[in-house]
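We count ligands from 1, going down the list as the structure has it; atoms in each ligand are counted the same way. Note that the structure is a prediction, hence the values are computed from the model and not measured.
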Amino acid sequence: MSLSLTDVTLTYPDGDTRLTALDHVTLDVPKGTMTAVTGPSGSGKSSLLAVAATLITPDSGTVTVDGATTTGMNRGQLTDLRRHRIGIVFQQPNLLPALTAAEQLQVMAQIAGHQPAKARRRALDLLAVVGLADRADHRPHQLSGGQRQRVNIARALMNNPTVLLVDEPTSALDHDRGAAVIDLITHLTHRQATATVLVTHDRSHLTAVDHLAEIHDGRLQQATPPLRGRASTRSGEPTPLRTVDEGGCS
Ligand code: ADP
Ligand code: MG
């Protein structure tokens, strides 16, 4: 299993007591599949991703990335794991204003110690995959919200991670742009063979996920993916992807 959370409990200090953000959560995500996690605001979705990303150590339970259990790893080992194995897409793109789209990606490779020339080629390849071949030398202010989110996603894939963690990527986009971004993440999950967790409070886009889970008050439960668009497939098979909107996002 490429990403496993086993019996994870996470609490935060809350006045004199503690608030339980994750309550005995178990989640297994195989390589090349996407699990969507939905739930209301405050239910623990971002906390789940933060624990999976090894950014927060849970009170109890284990996180395993690519066969390696993170329990007992020191800070340097966790940083190394994040740089090479985990791609994170936060809600807001957080792109650096002074850098072009390609440079945003190249920085990630430099941090991980890859050769600049190779990094440039990979950055351009990935920007092409997300439909931004003609925007490689644009800076964030020259890109639309949807395009910035695509750069954000491409950046997370720069170091070829095993695990891709995506937090509410459509919250700043209209419905169609949001649907295109979810399609893109589904496509990349299969193409790059990542173990992907996509967190969203909006279920309307989730027609092609492999697994669906719901979280309420920190408790995670398996759920049945929505059936829309599945009519022509054999039961149990993911819905075929809609065509990725190549650069049509303005
Ligand atoms: P979601 O992403 O589903 O909106 P979160 O994981 O952000 O939920 O939050 C889950 C619960 O934990 C909420 O009640 C939130 O207020 C609380 N929480 C989140 N982060 C912290 C923190 N750093 N300190 C204290 N409480 C927090
Ligand atoms: Mg959140």
Side-chain angles (χ1 to χ4, degrees), residues 3-29 34-65 70-71 75 78-79 81-82 86-95 145-146 148-153 155-156 161 163-175 177-179 181-182 184-186 189 194-206 209-226:
L3 171 68
S4 294
L5 276 66
T6 307
D7 204 18
V8 165
T9 292
L10 172 71
T11 66
Y12 295 113
D14 182 30
D16 293 341
T17 62
R18 297 191 71 87
L19 183 152
T20 302
L22 297 175
D23 193 355
H24 299 282
V25 166
T26 292
L27 175 67
D28 291 314
V29 187
M34 175 157 90
T35 297
V37 177
T38 67
S41 177
S43 57
K45 301 184 298 298
S46 294
S47 299
L48 176 74
L49 289 188
V51 168
T54 76
L55 292 167
I56 302 181
T57 304
D59 301 44
S60 61
T62 56
V63 178
T64 305
V65 174
T70 62
T71 312
R75 280 174 67 168
L78 290 175
T79 303
L81 183 80
R82 279 196 297 275
I86 302 174
I88 307 172
V89 179
F90 291 111
Q91 215 162 335
Q92 297 301 326
N94 294 320
L95 300 177
R148 282 197 288 267
Q149 193 55 285
R150 283 159 187 258
V151 174
N152 194 23
I153 292 163
R155 180 176 58 177
V163 172
L164 179 63
L165 304 169
V166 190
D167 198 353
E168 309 228 19
T170 63
S171 53
L173 304 177
D174 65 34
H175 184 273
R177 301 274 181 256
V181 163
I182 300 295
L184 174 64
I185 294 165
T186 310
T189 297
T194 53
T196 302
V197 182
L198 167 76
V199 152
T200 177
H201 65 267
D202 178 4
R203 289 182 64 141
S204 68
H205 301 308
L206 302 180
V209 298
D210 300 305
H211 305 284
L212 183 66
E214 280 175 15
I215 187 165
H216 291 278
D217 294 330
R219 283 187 294 275
L220 190 79
Q221 286 182 328
Q222 300 304 317
T224 310

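Nearest non-hydrogen protein atom to atom 5 (P) of ligand 1 is Ser47 OG, 3.7 Å. Among protein heavy atoms, atom 8 (O) of ligand 1 sits closest to Gly44 N, 3.2 Å. Scanning the protein heavy atoms around atom 10 (C) of ligand 1, the nearest turns out to be Gly42 O, 3.4 Å. Atom 7 (O) of ligand 1 has Ser46 CB, 3.8 Å as its closest protein atom, hydrogens excluded (heavy atom only). Closest to atom 23 (N) of ligand 1 among all protein heavy atoms lies Tyr12 CE2, 3.8 Å. Atom 16 (O) of ligand 1 has as its closest protein heavy atom Leu19 CD1, 4.8 Å.
For atom 19 (C) of ligand 1, the nearest protein heavy atom is under 4.0 Å away. Per-atom contact check: atom 3 (O) of ligand 1 touches the protein, criterion being a heavy-atom distance below 4.0 Å.
With no hydrogens or angles considered, no side-chain donor-acceptor pair links Thr200 and Asp202 at under 3.5 Å. For the residue pair His211 and Gln222, no side-chain donor N or O sits within less than 3.5 Å of a side-chain acceptor on the partner. The closest side-chain donor-acceptor pair between Ser4 and Thr6, if any, does not fall under 3.5 angstrom.
Close contacts of ligand 1 with Pro40, meaning ligand atoms under 4.0 Å from a residue heavy atom, involve 3 (O). Residue contact check: Lys45 has heavy atoms under 4.0 Å from atoms 1 (P), 2 (O), 3 (O), 4 (O), 6 (O), 8 (O) of ligand 1.
Shortest non-hydrogen contact noted between Asp7 and Thr26 is N-OG1, 2.9 Å. Across every non-hydrogen atom of Ala223 and Glu214, the tightest pair is CB-OE2, 3.8 Å. For the residue pair Gly178 and Leu173, the shortest heavy atom distance occurs at N-CB, 3.9 Å. Here the closest heavy-atom approach between residue Pro169 and residue Val181 is recorded as CB-CG1, 4.0 Å.
At least one N, O or S atom of Ser46 sits under 2.8 Å from the Mg ion (ligand 2).
Note on ligand 1: Gly39 sits outside its first shell, no heavy atom being nearer than 4.0 Å.
Under 4.0 angstrom from ligand 1, there are no non-hydrogen atoms of Val199. Residue-level proximity to ligand 1 for Ala50 is absent, since no heavy atom of it falls below 4.0 angstrom.
When each of Val89, Thr170, Ile185, Leu95 is checked for a side-chain contact (heavy atoms from CB on, under 4.5 Å) with Gln149, only Val89 meets the rule.
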List, one per line, each side-chain donor-acceptor pair under 3.5 Å for residues 41-50, sequence neighbours excluded.
| residue | atom | partner | partner atom | Å |
| --- | --- | --- | --- | --- |
| Ser43 | OG | Pro40 | O | 2.6 |
| Lys45 | NZ | Gly39 | O | 2.9 |
| Lys45 | NZ | Pro40 | O | 2.9 |
| Ser46 | OG | Asp167 | OD2 | 2.7 |
| Ser47 | OG | Tyr12 | OH | 2.8 |

